[in-house]
Structures are given as C-alpha cells and as structure tokens.
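Here's the structure, in structure tokens; my notes come after.
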Amino acid sequence: MSTTIDKISSPPCMKTTDYTDPVIHIDPTLCTGCRRCAEVCPVDAIEGLPGEPQTINADRCVICGQCVQICSVYASDWAGSSPQESAARRLERIQERDMPADIREPLFAAYYSYNLNKVSDMMTKPGQFRIVQCAPAIRVSLAEEFGMPFGTLTPGKMAAALRRLGFDRVYDTNFGADVTIMEEGTELIRRVTEGGPLPMFTSCCPAWVRFAEIEYPDLLDHLSSCKSPMQMLGALIKSYGAQLDEVEPANIYSVAIMPCTCKQFECDRPEMESDGYRDVDEVLTTRELAYWIKQSGIDFANLPDEEFDSPLGQYSGAGSIFGVTGGVMEAAIRTGYELLTNEKLPKLQLDFVRGEEGIRVAEVQVGKLQLKVAVVAGLQHAYQLLDRVQAGECDYHFIEVMGCPAGCISGGGQPKIMLEKQRIEAYRARKSSIYGHDAARQVRKSHENPHIIKLYDEFLGEPLGHVSHHLLHTTFQQRGPGKQSRSSTISIKGDTDYSIH
Amino acid sequence: MSGTGNMMHRPTDTRSASMSRMGAAGRTSAVASSFVVADAGQCIGCKACELACFAVHSQANGIGASVGTVSVPVVPKVYVVRTGDTYVPVQCRHCENAPCAHACPVQAIRQEDGVVMIDEDRCIGCTSCVLACPFGAIEVSPVYRAGHLVTQSGLTHRANRVALPRTAASKCDLCAETENGQPACVDACPNHVLRLAKGISDSPPEPRREVFFPRL
C-alpha cells in the first residue's frame with residue numbers, strides 16, 4: 001500500500017478545505033469519447049466531441065457519479081505493448097488515482113477521487129478515538145463486491161468488518177436519518193402552519209443541494225435548513241457521543257461510509273463544522289470499503305453478524321428507507337402524520353411514494369390538512385418542477401429530491417455493475433432489500449425510536465431548539481449564475497387524492 | 001457484410017468439388033456458420049461489448065456482477081478497434097473453412113455445430129491461428145483459473161527463474177456456453193451496433209479436412 005504521509009500533515013479535525021478537487025475525473029488517455037457519460041449526466045457537465053476524450057466542467061458538475069457508474073471504457077492490460085509495460089502503466093494509473101496499490105479490478109476512464117489511502121494511514125495514528133457511520137444503502141450493496149447476489153442484506157457483517165478494520169465505535173447514519181425526520185418534520189409543520197417558504201425541499205442529498213445552489217440559487221430558502229443525516233450524526237458524534245464516551249471531540253476521527261461520490265464534497269464544505277470541529281472527517285464509498293476489507297484479508301462472507309453500537313447506531317425502519325427514492329418522504333409522513341394528528345398512522349407502508357418514476361406526486365389527508373407532496377428521483381426531472389416553483393405555480397407542501405435515479409441505492413459510489421442490462425435488476429433487489437429491512441424492524445417510526453427520545457430528553461431538548469439549531473442545521477450558498485437551458489422529459493405518477501385511512 | 005446473408009442461403013445443389021476451389025464467392029459449406037457482425041459507422045467505442053464478453057466468460061474465475069469481483073485482467077473475445085474516426089468491434093467470423101483450424105498444429109480448434117471453438121486446455125499458445133486469422137479476431141493471452149494465473153511447467157523466466165504463465169488462444173465462441181445462447185456483446189451494445197447473423201444449417205457436415213500445417 002502506498003504511503004501518503006505528506007497529505008496528512010494537518011490534524012483531521014481541523015482540516016481546512018478548498019474546492020480544488022473536482023472529485024469526478026475522466027482519464028484522457030483512456031476515454032474514447034463514446035459520450036455515454038454525457039447521456040446520463042443530469043446537468044450537461046461533460047463536454048467534448050464524440051470520439052475525443054471528454055472533460056468535466058467542474059463548475060457545472062454536481063458530483064453525482066452517474067458517469068463513473070456507466071463508463072465501460074477500461075484500460076486494456078494487453079493492447080499494444082509487453083505485459084511488463086502494461087503492468088507498469090497500470091501501476092502508474094493506480095498511483096495517479098491514489099487507489100490502493102494492490103487493487104485488481106479494471107481501471108475505467110471515468111473515476112472519482114479516492115480517500116482510502118488517506119483514511120487507512122490516519123487509522124494507524126495513535127491517540128485517536130475512531131468512529132465510523134454507515135449509510136442505509138451500503139448494507140444492501142456491499143455484499144455484491146464479494147460476489148453475493150444483488151441486494152444481499154448484510155448490516156451485521158458490515159458492522160463486524162468495520163470493527164476488525166479498527167473502529168472503536170460503529171454507528172449508523174440511519175440514526176442520523178431518524179434525527180433528520182424529527183428536525184425536518186418539525187420544520188415542515190412549522191412552515192405549513194406559520195407560513196414559511198413552500199414548497200419545502202429535502203436537503204439530504206448533497207448532489208441535489210449543489211444542483212440547487214448552481215442552477216436555482218433564488219430558491220435556496222425553499223430548502224430545509226437541516227443538514228443531511230450524515231452531517232447530523234457527525235455533529236452528534238463529536239458532541240453527544242463524545243460526552244457519553246468521555247473523549248475529547250478533538251481526538252475523534254470520524255469516518256462515514258457512503259454510497260455517494262458527492263458526500264466528500266459535502267463533508268468538506270466550510271459550514272459543515274460545529275465548535276471548530278469538522279462534523280465528518282472523511283468519507284469512503286461502498287467500493288472503497290470493499291477494497292479495504294479485501295486489502296485487510298477479512299473473509300467478509302464468513303463474518304459473524306454483529307450489532308451496531310448504542311446509542312448512535314440504533315435506528316428505526318423509517319431511518320433505513322432513506323436509502324431509496326421516496327424513503328425520506330415516507331419516513332417524514334409516518335412521523336408528521338402522528339405529530340400533527342395525535343393519532344396512530346393506520347398503515348405504515350405508503351405505496352404512493354414508492355416507485356421508479358422520475359416524479360411521483362400525491363395528496364395525503366393529514367388531519368385537517370390536505371398535504372401535497374412530490375418525490376423526484378434523478379436531477380434531470382427537477383428542472384420542470386423547479387421552473388414551476390420559480391413561477392409560483394407549484395402548490396406542493398413538501399418535495400423530496402434525490403440526485404440519483406433510484407435514490408442512494410443507485411449512488412455513484414455503489415458497486416459498479418458490469419452488464420448494463422443487470423442495472424435495473426440490481427436496483428430493484430437493493431430496494432426490496434431496504435424495504436424488507438424496514439418491515440422487519442420492531443420500531444418503524446423515527447419518533448418512536450427510544451434512543452431518539454432519549455437524545456432529545458438528555459441532550460437536544462426539542463426539535464428546532466437551540467442545540468439543534470447549532471449542531472444540526474446549516475445554510476446554503478449561491479454557486480452559479482442560475483439555470484442553463486435544458487429540456488427535460490417528464491413522467492408523473494399519481495396526482496390523485498390519497499386517503500391514509 | 002450485406003452479401004453474406006445471401007451466400008448463406010445458397011442452395012446445396014450448387015456444391016461441387018470445382019466450386020469449392022473457387023474461393024469464398026463460390027464456396028459453400030457443410031454447416032453455414034452464424035457470427036456476430038458490427039455496423040462500423042454506428043459504433044461509439046464504449047467497449048461495453050468487451051466488458052460484457054469478459055463478464056460472461058469469466059464465471060470460472062469467480063467474477064460476479066460487480067466490477068469489484070474482478071480479480072484477473074480483462075481479456076475479452078471481441079476487440080473494439082479504431083481506424084481514423086471509426087470504431088468497430090472485431091470478432092471471430094466463424095469461417096466455414098476456418099483458416100485458424102487449418103493452421104492449428106494440435107487440432108485445438110474445431111467446428112462444433114457451426115461454431116468454431118478453441119479448446120484452451122489443448123492449445124499450446126503457438127500463435128499460428130493468430131497469424132492465419134484474416135480478421136485479427138484471436139488473441140493469445142495468459143490463462144487464469146479460479147482467479148489465479150496458471151503457470152507452464154517447465155518454462156521459467158530467464159533472469160529470476162519464476163515459472164512463466166501458460167498462454168492460450170481465445171476468441172469469440174458465440175457465447176456457446178451461456179444459458180440463452182444470445183451473445184452477450186449483442187445484448188450489451190447501447191447503440192445496437194452488433195447483431196447475430198444467423199447461418200442456416202441445411203446439409204450434413206463434411207468430413208474434417210486434413211491439416212496442411214506440418215505436425216510438430
């Protein structure tokens with residue numbers, strides 16, 4: 001494994017950030033200019049002529065990583081030179097990309113910046129309390145990297161693997177998702193009852209947030225001020241978690257395993273810190289975690305199932321469905337309905353927000369309120385909706401936007417599928433696995449998670465309270481001049497009244 | 001390539017000994033072969049066909065659906081070739097009178113049900129077939145089994161005495177061993193550039209010709 005000592009001269013908790021790393025790259029020596037990446041790019045950030053190497057317009061790019069997922073142009077190990085020369089060229093590319101030196105998979109033209117060398121070097125530093133959190137979408141996809149069938153659910157093995165990799169605490173972003181529901185749900189209720197900017201948009205997806213900042217900066221006050229679940233949990237790990245474990249926040253090294261290529265950008269944002277500490281120090285993708293497990297010689301398939309640590313690793317079913325499109329909406333309605341009406345939600349499975357269409361809309365009767373909601377999957381579908389919001393013609397209350405086509409399960413950092421025809425199969429299996437995980441949990445609503453109740457009792461006080469505001473909420477910034485012209489095709493499911501009874 | 005379809009439908013009664021020496025135009029075969037053909041003008045050079053080909057032929061190396069399961073070099077049986085501004089995938093034409101089979105000194109190449117197949121276990125990696133193939137569709141490359149390089153007993157690197165890899169010829173087998181028999185490259189091509197040109201088998205196979213390559 002290559003050493004990157006020079007890159008870790010500053011302590012992780014006080015890292016300063018610039019935006020010089022565009023995260024997504026295309027290797028010009030490999031790219032054949034097929035432009036399949038440009039077809040899946042929702043923001044037309046990939047530029048170049050057909051047949052010529054493409055470049056990425058970093059100012060446009062929302063770092064969703066869909067181009068990395070689709071790229072099938074790989075470096076041939078045989079073409080045009082001797083095996084020795086090919087091996088040397090391969091090693092050169094691996095070093096250029098800062099990938100683990102012993103990686104054996106093919107190298108593709110489109111790739112993202114890797115952080116594994118940085119993280120594994122930091123893990124060996126003494127005196128650190130190492131904490132990791134895992135996004136909901138990792139447990140349904142990680143096993144694919146070890147040859148298991150699509151959607152194999154392995155939260156227990158994942159927790160076991162992370163312990164063996166040296167983490168002192170294995171927490172779960174799903175807990176952060178439960179906190180997000182408490183905060184975002186309360187914010188929505190407040191906006192609806194007190195007349196805040198509506199529709200309110202979710203702010204969990206960093207690619208969506210970046211998209212809004214670049215393309216629709218005038219609508220930023222429509223975004224929920226909530227940080228994403230990853231950042232919320234990061235902030236809680238270095239405050240509440242640090243108190244519980246009696247460690248100094250400065251000594252905590254906090255890593256997040258994410259299905260997303262944009263999460264590193266999110267964690268590097270200057271506003272994502274509390275009391276001078278970065279909320280999250282470093283992000284690894286699902287694929288990077290798999291590299292790490294393989295590199296460490298851990299026999300993933302035969303690991304025992306282990307539990308996540310308490311309390312920041314205990315989650316409800318609502319927290320786990322954040323990994324699929326419509327999940328945030330469903331989780332929010334489960335909690336929002338009960339908080340607004342003080343009645344039990346009669347049916348927990350809300351099929352009207354589930355589905356595969358680019359946009360799903362529904363009206364839900366919540367007490368006296370006819371709540372109008374929309375779910376957007378894939379940023380290319382967002383343009384038309386946002387144009388209507390801009391024109392003041394959009395009377396929805398709450399809109400969930402996820403940058404990737406099937407939500408986080410289809411994120412840019414997820415296992416890369418070799419056969420395009422298997423992609424849909426993979427996404428469906430991952431999705432059904434996530435819903436199955438939710439259905440099997442005893443607690444399926446965020447506000448009923450006993451550890452969430454305790455967190456508010458002991459530490460946060462109330463949703464949108466002073467501590468929450470300080471730790472869990474953020475601001476957004478204009479990053480571009482506004483919308484570029486782009487025609488979007490749109491298919492809408494729903495638009496019918498939905499009674500929850 | 002449009003003419004090949006007609007050729008394959010030629011009635012069997014035109015077959016004669018004199019015709020068979022007239023070259024490709026007059027030649028007919030016992031078993032007309034199917035093969036995958038590409039439309040050069042439409043290929044965008046994405047190599048999805050190469051990757052799909054490799055994926056379906058690498059089950060023995062423990063390769064699953066995800067790129068992360070790949071632990072051996074990608075050696076496909078179809079090669080996207082660029083000439084000027086044009087890309088085209090090139091693969092075996094399953095020639096009816098296959099020059100590679102004629103050239104093989106150990107009879108590792110044979111025609112089975114119209115598909116020209118290489119028996120990699122029998123192949124000695126001599127590259128005679130590579131030289132004989134008019135399409136450049138055959139590659140000789142190291143052999144991997146169960147994710148590990150197979151070495152050739154008796155051959156060592158001159159400097160460090162490490163055993164050398166065993167090499168074997170590999171080329172398109174029309175996905176003969178896959179479940180539905182549809183070539184993976186045809187399925188995978190996002191531009192529908194590749195198609196399976198189907199030969200029609202309408203006469204009993206000829207006896208195998210004697211190889212003209214001197215035996216080793």
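Order of the sequence lines fixes the chain letters, A, B, ..., with proteins taken first and strands second; residue numbering starts at 1 for each chain. Note that the structure is predicted; figures quoted are calculated from it, not measured.
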Contact leader toward chain A among B:Ala188, B:Gly64, B:Ser71, where contacts are heavy-atom pairs under 4.5 Å: B:Ser71

Working to the nearest 0.5 Å, report the span between CZ of A:Arg287 and OG of B:Ser66. 7.5 Å

Straight-line distance of B:Lys47 NZ to A:Cys34 SG, nearest 0.5 Å: 10.5 Å

Name, in order of residue number, those residues of residues 419-428 of chain A that have a heavy atom at a distance of less than 4.5 Å from a heavy atom in chain B; otherwise write 'none'. A:Leu419, A:Lys421, A:Gln422

Taking side chain to side chain contact (heavy atoms under 4.5 Å, CB included) as the definition, give me every residue that meets it alongside A:Pro50, ordered by chain and number, with sequence neighbours left out. A:Arg35

Between B:Thr69, B:Asp187, B:Val67, which has the largest tally of heavy atom pairs under 4.5 Å with chain A? B:Val67

Please state whether the side chain, the backbone, both or neither of A:Phe146 comes within less than 4.5 Å of a heavy atom of chain B. backbone

Quick check on the structure: residues of residues 79-88 of chain B within a heavy-atom distance below 4.5 Å of chain A, by number. B:Arg82, B:Tyr87

Highest number of heavy-atom pairs under 4.5 Å with chain A among B:Pro165, B:Ala184, B:Cys46, B:Gly68 belongs to B:Cys46

Listed by number, the residues in residues 104-113 of chain A that come under 4.5 Å of chain B (heavy atom to heavy atom) are A:Arg104, A:Glu105, A:Pro106, A:Phe108

Should B:Pro76 and A:Tyr74 count as side-chain neighbours, where that means a heavy-atom distance under 4.5 Å? yes

Rounded to the nearest 0.5 Å, how far does CD of B:Glu50 lie from OG of A:Ser72? 9.0 Å

Does the side chain of B:Ile63 reach to within under 4.5 Å of the side chain of A:Met418, using non-hydrogen atoms? yes

